[in-house]
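Worth knowing before you read on, the calculation uses all heavy atoms, side chains too, and leaves out hydrogens, waters and symmetry mates. Here the structure is a predicted model, which means the values were calculated and not measured. Chain letters run A, B, ... following the sequence lines, proteins first, then strands; residues in each count from 1.
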There are 2 protein chains.
Amino acid sequence: MAEGSRPTLVTVAEHARVSRQTVSNVLNSPEIVRPETRERVLRAIEELGYRPNVVARQLRTRRSSVLGLRMPPASDGISGQVLDRFLHALTDEAQRAGLRVMLFTAEDDDAEIREYQTLRATTGIDGFVLANTHAGDPRTQWLCDHDVPFVTVGRPWDDGGAPGASTSDDGLPHKVDDHPWVDIDGRAGTRAATQHLLDAGHRRVAFLGWPEGSGVGDDRLAGWLETLTDAGLAGDAVVQRTEDSVAMGAAAANRVLRDDDVTALVCVSDSIALGALAAARELAASRPDRAPVAITGFDDTPVARAVDLTSVAQPVADVAARAIELLRGQLDARPDSPDASTGVAQDRQVLIEPHLVVRATSRAAR
Amino acid sequence: MAEGSRPTLVTVAEHARVSRQTVSNVLNSPEIVRPETRERVLRAIEELGYRPNVVARQLRTRRSSVLGLRMPPASDGISGQVLDRFLHALTDEAQRAGLRVMLFTAEDDDAEIREYQTLRATTGIDGFVLANTHAGDPRTQWLCDHDVPFVTVGRPWDDGGAPGASTSDDGLPHKVDDHPWVDIDGRAGTRAATQHLLDAGHRRVAFLGWPEGSGVGDDRLAGWLETLTDAGLAGDAVVQRTEDSVAMGAAAANRVLRDDDVTALVCVSDSIALGALAAARELAASRPDRAPVAITGFDDTPVARAVDLTSVAQPVADVAARAIELLRGQLDARPDSPDASTGVAQDRQVLIEPHLVVRATSRAAR
DNA sequence: GTGAAAGCGCTAACAC
DNA sequence: GTGTTAGCGCTTTCAC
């Protein structure tokens, strides 16, 4: 504070009576500097309250330690706040790893790619985290082609619906599907939900899903069907597919519940579950004789907590942690750092198991 | 692409046959360079696909054009997603203004202040956007003391409850309350909601609020009370205060609705409104004779849309735009840029009026 | 109006 | 091990 401006490497060097390079070494490769010198330098740093200027370092090393993330326009879905939580977790993990998260926006995929270019050309962003990737995404293609480190949150779903990582059709320079990603195992989630309902004695467990073709939706459906099949109940499988909204959920539920044997519903989302809940409640009011209907949602949104809805919770923090890990792996593997061997050989694709949060809507009849 | 690496100022200068300084001028002060030279330089820039390196510029100018924002830990409230929307809008506005938003996290206020220091010392962040400020916030104090540009989203509520900007108790070097902020006029919001209900013929309009002492909550209550007073109905004013949750909202509503004359509820939040809605529905079922109850919420969360709840919508995008504006004003007013006069003289404190979104829960009896 | 010189704070080479 | 020499790409004097 006494000096007019902040101390620099030179200030520290003078103070410690060494060259400025030695100070730099103490900071970046402490092991190559003699302990007593190191001590002296560290003391000087301490005394002066020196903080390295990362901008200068960045100019020199061409590494920014900054990650870019496109802020998606708030989808109007009810599942708000999972992005909030993810963002918080990601920022936190990044910070812990010495990285920063920088936000940007883009109208569409092409604009986003243009932003990648700008961001890399002008501010030297090191890598990107992509959410909301979709089949045949031009963004992942571009990033692969330009050798930019990135990780997607969500698998690269083939147009078919099954997870990628399998078919390696030909010897293209870059197999787009085969990039680092982290995702939540939706199938395992619905499996848990369905099993939970079966364990509670339900036999005819219907599924309220999204229209066919969405990788995520089909994956969740698969988990339900699998479980039913394993239990020898696949013959009774009932599915209703609908758009993701409360109203549509209610309508779909009403259709399914015309079958009096259906006593439980596994829903692909909390929105649909919320609709189903309303439908079930009306049904219970109008027909006290009918068996009460158990319901599970997916995402464990605040709404689920609010209305006491059993739901599959996404471990967002884990996802963020693994995403940062995967990104770090790529960053460290770049030209300069020979630490490539240091990093534990890790899978480039990570599937995280969600867990079921059991609440009132799936517990024994009230 | 032909060349190995990216073009720099020198590359452009050579290409345009001018000094590198002239190129810099074309970029930063185009008006001082002769039109024909400028043309030539611009063409060279175009041809080479030159992009200025902001890191180098930053090292030289000490301005980063980056804004810091602490990512708050997801509050468990139902009102998720307003942060999402705000973040998107803020990023968008910032980008439009040539600024970037960088995220960070901190455990508490002190840790946040430490991050301010780190961020400014090492990466040279230009300013901050603070959300969730509270009475006697040490962060705003610190930022004022260190002359760091910032803007808060939300007024600096005095411990009393009234908005600051009024009492200037003594001649302290920095009047903490008197910093730039943007906020939503909650009072105007509940005023609109209450008036809407009065217009619909309701006479006894109760308020379900938060416990006393929260600036935001008291402000919202004030709007309701004001409107009732203006209508000469203050004598009938009924308030129930409760924690912000669906269950508490239902309980509070039940208490208020014991009074058969109460036909409308203005709620301080969507969570509470959601509870009230459930209570009202049960009441309607059990006592078909009673007049139906109209309900309004606050925040216009996805849940409100989902259950067709009338609610006060926060114009988040406007807030973001004004926040960026206020920050820009401070950034431009700094040492170098003499453009201080250019910026329209603007208020340093901005109150934005929300608007009511009328939905089923407040329309004439179904 | 344009150019030349200097330097922002740091690290990568290479000498010593 | 340590110091010296060069820049990274840009802008800011200040001559011309």
Side-chain angles (χ1 to χ4, degrees), chain A residues 3-42 44-45 48-65 120-124 334-338, chain B residues 3-42 44-45 48-65 120-124 334-338:
Chain A
E3 304 301 319
S5 59
R6 309 192 46 73
T8 78
L9 260 197
V10 185
T11 327
V12 177
E14 282 166 356
H15 198 87
R17 311 179 143 281
V18 293
S19 82
R20 81 143 154 284
Q21 182 50 27
T22 304
V23 181
S24 176
N25 283 339
V26 169
L27 259 31
N28 301 308
S29 325
E31 68 283 0
I32 75 165
V33 70
R34 195 195 311 154
E36 67 182 58
T37 318
R38 197 190 325 166
E39 269 308 309
R40 192 146 40 94
V41 172
L42 286 175
I45 289 179
L48 266 35
Y50 166 78
R51 313 285 303 261
N53 180 326
V54 310
V55 178
R57 171 180 296 166
Q58 184 180 345
L59 179 59
R60 190 69 249 236
T61 62
R62 341 249 60 222
R63 293 186 84 247
S64 64
S65 295
R120 284 188 62 83
T122 68
T123 72
R334 314 236 98 196
D336 25 6
S337 24
Chain B
E3 304 302 319
S5 60
R6 308 193 45 74
T8 79
L9 259 197
V10 185
T11 327
V12 176
E14 283 166 355
H15 198 87
R17 311 179 141 282
V18 293
S19 83
R20 81 141 154 285
Q21 180 45 30
T22 304
V23 181
S24 176
N25 284 337
V26 170
L27 259 31
N28 301 309
S29 325
E31 68 283 0
I32 76 164
V33 72
R34 196 194 311 155
E36 68 182 59
T37 319
R38 197 191 327 168
E39 268 308 308
R40 193 146 40 95
V41 172
L42 286 175
I45 289 180
L48 265 36
Y50 167 78
R51 313 286 304 259
N53 180 327
V54 309
V55 178
R57 172 180 296 167
Q58 184 180 346
L59 179 58
R60 192 66 245 244
T61 62
R62 264 73 254 288
R63 295 184 84 247
S64 65
S65 295
R120 285 192 58 87
T122 67
T123 74
R334 314 237 97 198
D336 24 8
S337 22

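Listed pair Ser24(B) / dT11(D) meets the phosphate criterion, a side-chain N or O lying under 4.0 Å from OP1 or OP2. Contact annotation: Thr8(B) side-chain N/O to dG9(D) OP1/OP2 distance is not under 4.0 Å. An OP1 or OP2 oxygen of dT11(D) is reached within less than 4.0 angstrom by a side-chain nitrogen or oxygen of Asn28(B). One finds no side-chain N or O of Thr37(B) lying less than 4.0 angstrom from the OP1 or OP2 phosphate oxygen of dG1(C). The phosphate of dG3(C) (OP1 or OP2) has a side-chain N or O of Thr22(B) nearer than 4.0 angstrom. Applying the 4.0 Å criterion to OP1 and OP2 of dT11(C), one finds that Thr61(A) has every side-chain N and O outside that range.
With hydrogens and angles ignored, a donor-acceptor pair closer than 3.5 Å exists between the side chain of Arg20(A) and the base of dT11(C).
Rounded to whole angstrom, the span from the CZ atom of Arg62(B) across to the C1' atom of dT12(D) amounts to 13 Å. As a whole-Å value, the separation of Glu14(B) CD from dG9(D) C1' is 14 Å. Straight-line distance from the CG atom of Leu59(A) to the P atom of dC8(C): 13 Å, rounded to whole Å. Between Leu9(A) atom CG and dT4(D) atom P there is a gap of 15 Å when expressed in whole angstrom units. Here dG3(C) presents its P atom at 10 Å from CG of Asn25(B), a figure rounded to the nearest Å. In this structure, CZ of Arg57(A) is placed 10 Å from P of dA12(C), rounded to the nearest angstrom. Rounded to an integer number of Å, the gap from CD of Glu39(A) to C1' of dT2(D) is 18 Å. Straight-line distance from the CD atom of Gln21(B) to the C1' atom of dT13(D): 10 Å, rounded to whole Å.
In the helix from dG1(C)-dC16(D) to dC16(C)-dG1(D), the rotation axis of the first five pairs and that of the last five pairs differ in direction by 40°, rounded to 10 degrees.
Each of Arg60(B) and Arg40(B) was matched to the nucleotide of DNA chain C holding its nearest heavy atom; the match closer to the 5' end belongs to Arg40(B).
At a threshold of 4.0 angstrom between heavy atoms, the contacts of Val18(A) are confined to the sugar-phosphate backbone, with no base atom among them.
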